[in-house]
Number of protein chains: 2
Amino acid sequence: MGETGRRARPGPRRALSEREILDAAMRLLDGGGAEALSVRSVAAELGVAPNALYTYFASKPVLVRALVDDLLGQVGPGTLTPADDDWRGAVTRFALALRETLLAHPGAVPLLLGSGFDGPNALAGGEALLDLLVRAGLPQDTASRASYLIITYILGTVALDAAELPPGVPRPDDAARTAARRGRLAGIPADRFPRTAATADVVAGYNSTEQYLWGLTRLLDGILTGPPGRSTAS
Amino acid sequence: MGETGRRARPGPRRALSEREILDAAMRLLDGGGAEALSVRSVAAELGVAPNALYTYFASKPVLVRALVDDLLGQVGPGTLTPADDDWRGAVTRFALALRETLLAHPGAVPLLLGSGFDGPNALAGGEALLDLLVRAGLPQDTASRASYLIITYILGTVALDAAELPPGVPRPDDAARTAARRGRLAGIPADRFPRTAATADVVAGYNSTEQYLWGLTRLLDGILTGPPGRSTAS
DNA sequence: TACAAACTCTGTACAGCGTACAATTCTGGA
DNA sequence: TCCAGAATTGTACGCTGTACAGAGTTTGTA
């Protein structure tokens, strides 16, 4: 009955699975942020001794990497393979989906940035994005650079956004976020930061989906502006 | 002799200063990355009991915030106030200076992203960038959005870059970085990631200054492309 | 059917972490 | 001179990741 295909070795049956551990870890992460995720808390959540987890993951960093990559794998799989030729729409859908997935688990974002963006699912996402840009007609090298530019923008935005989301509570919607930020911005001294104070209404919306799309649009415009036949600019 | 202006209260003289503590902390950060920075290690570095530091900083997170903002304050102060009207050049200089400062202390980058981008020096930097864009002729709201877009790009790039820099050793130059990455990329399966494999030469240079400037150029192009008279695009 | 090898899990332990608390020492102002 | 207040230390608590030894369970093989 080798369910996984490779169960032909001695030893008692496993009481857990990687899946259960990752789910428990994500639950803790969502409930209390990155610092609520400890080997001991995960073990307690699963009713097991702390060191039992070392059967499944060699160390905490390894667990965290798996957790982060697992999360990246949850980005809608079909988001990047559109049938039509609306590549800007496809990139936009991908950017929205990736941001949404990450912001649904803000505690995972610092872990992602600390663990690196490698891992199979990260690679697969990069490949899919790159493939889309090439199929859109961009020269291969330009597409490669552009895909990194886009990833960079998404992760930078999400990082700044997640950094100010308190753990344990559901993310408020854009209007509430902006209103709260607007209130806080009322406290900044207009004599020392006149420009910032003058545009406080815009600054308050930095974390909104609308600003996110504004930036993405500028980005894609800029990518199209570049000399299409060359791989380097200026 | 009120040196700091506010020394008119009883108690023994302080054996340390915020400056010394921040310097020691940065030394440890540079030597061993974020996990080498502990209250106890900083105290040991200064030859003092761990809890002595609590006279100067209320908690470790407070210390880290101060450290990060102090680092941001080290970005060349004049970088953003050019006399000429070459605003793209000024933004580029700023982007290069900020990246250089952060990558000189890669261990600080995860701390920055975990602590948020507020703090006086972060605010001042944002104000200066915003001011530059407004003086460049961008409408106020567009300038505000653009400044966030630029910051987002810089921090995203730096985050991905710093995540793969090992702590304790000086950062190799671009050529060495790219060569090392190129070698590692040779190991990725071309059948599962054909596009990535095909552009491995470009991918290897993702962390280079050249790619950084390519992306920044696209970004600024895109900002200029947008409808200049309106504050929202779509 | 017995056994040895392989495997999973637990109990215990260690070094390190952030920091709270009480005691000690030092200082300037009244 | 004395006291109020500030700086520092020693001690301690609960937490962390994880190494190690042992016990229990399962398997293929003899």
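In the text below, chain A, chain B and the rest are named by the order of the sequence lines, each starting its count at 1.
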[X] [atom1] - [N] [atom2] separation (whole Å):
X     : N      : atom1 : atom2 : result
A:L53 : C:dT10 : CG    : P     : 9 Å
B:R40 : D:dT16 : CZ    : P     : 16 Å
B:L28 : C:dC17 : CG    : P     : 10 Å
A:L16 : D:dT25 : CG    : P     : 17 Å
B:N51 : D:dA6  : CG    : C1'   : 15 Å
B:E18 : D:dA7  : CD    : C1'   : 13 Å
A:Y54 : D:dA21 : OH    : P     : 17 Å
A:L37 : D:dG17 : CG    : C1'   : 12 Å

Counting side-chain heavy atoms from C-beta on, which of [options] comes nearest to [X]?
X     : options                : result
A:P10 : C:dT19, C:dA5, D:dA6   : C:dA5
A:P50 : D:dT18, C:dT27, C:dT19 : D:dT18
A:K60 : C:dT25, C:dT19, D:dT18 : D:dT18
B:T55 : C:dT19, D:dG5, D:dT8   : D:dT8

For A:R177, is there an ion pair with A:D161 - N to carboxylate O distance below 4.0 angstrom? yes

Kindly say if A:R13 contacts the phosphate of D:dT27, meaning a side-chain N or O under 4.0 Å from OP1 or OP2.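 Yes, A:R13 has a side-chain N/O under 4.0 Å of OP1/OP2 on D:dT27.
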
Examine C:dC7: is either OP1 or OP2 under 4.0 Å from a nitrogen or oxygen in the side chain of A:Y56? Give yes or no.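 Answer no for this pair, as no side-chain N or O of A:Y56 is under 4.0 Å from OP1 or OP2.
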
Is it true that, when you exclude B:R192 itself, more than 12 heavy atoms of the residues, nucleotides or ligands shown sit nearer than 6.0 Å to its CZ? no

Would you say the base of C:dG29 and the side-chain of B:R9 have a donor-acceptor pair closer than 3.5 Å? no

State whether the distance check finds a donor on one side and an acceptor on the other, under 3.5 Å, for side chain A:R14 versus base D:dT26.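 Absent.
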
Compute the centroid of each ring, for A:Y153 and then for A:Y212, and state whether the two points are separated by less than 6.0 Å.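 Ring centroids of A:Y153 and A:Y212 are less than 6.0 Å from each other.
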
Could you check whether any side-chain heavy atom of A:D118 comes within less than 4.5 Å of a side-chain heavy atom of A:R65, counting everything from C-beta outward?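 The answer is yes, as the side chains (C-beta and beyond) meet within the 4.5 Å cut-off.
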
Side chains of B:F117 and B:D69 in contact at under 4.5 Å (non-hydrogen atoms): no

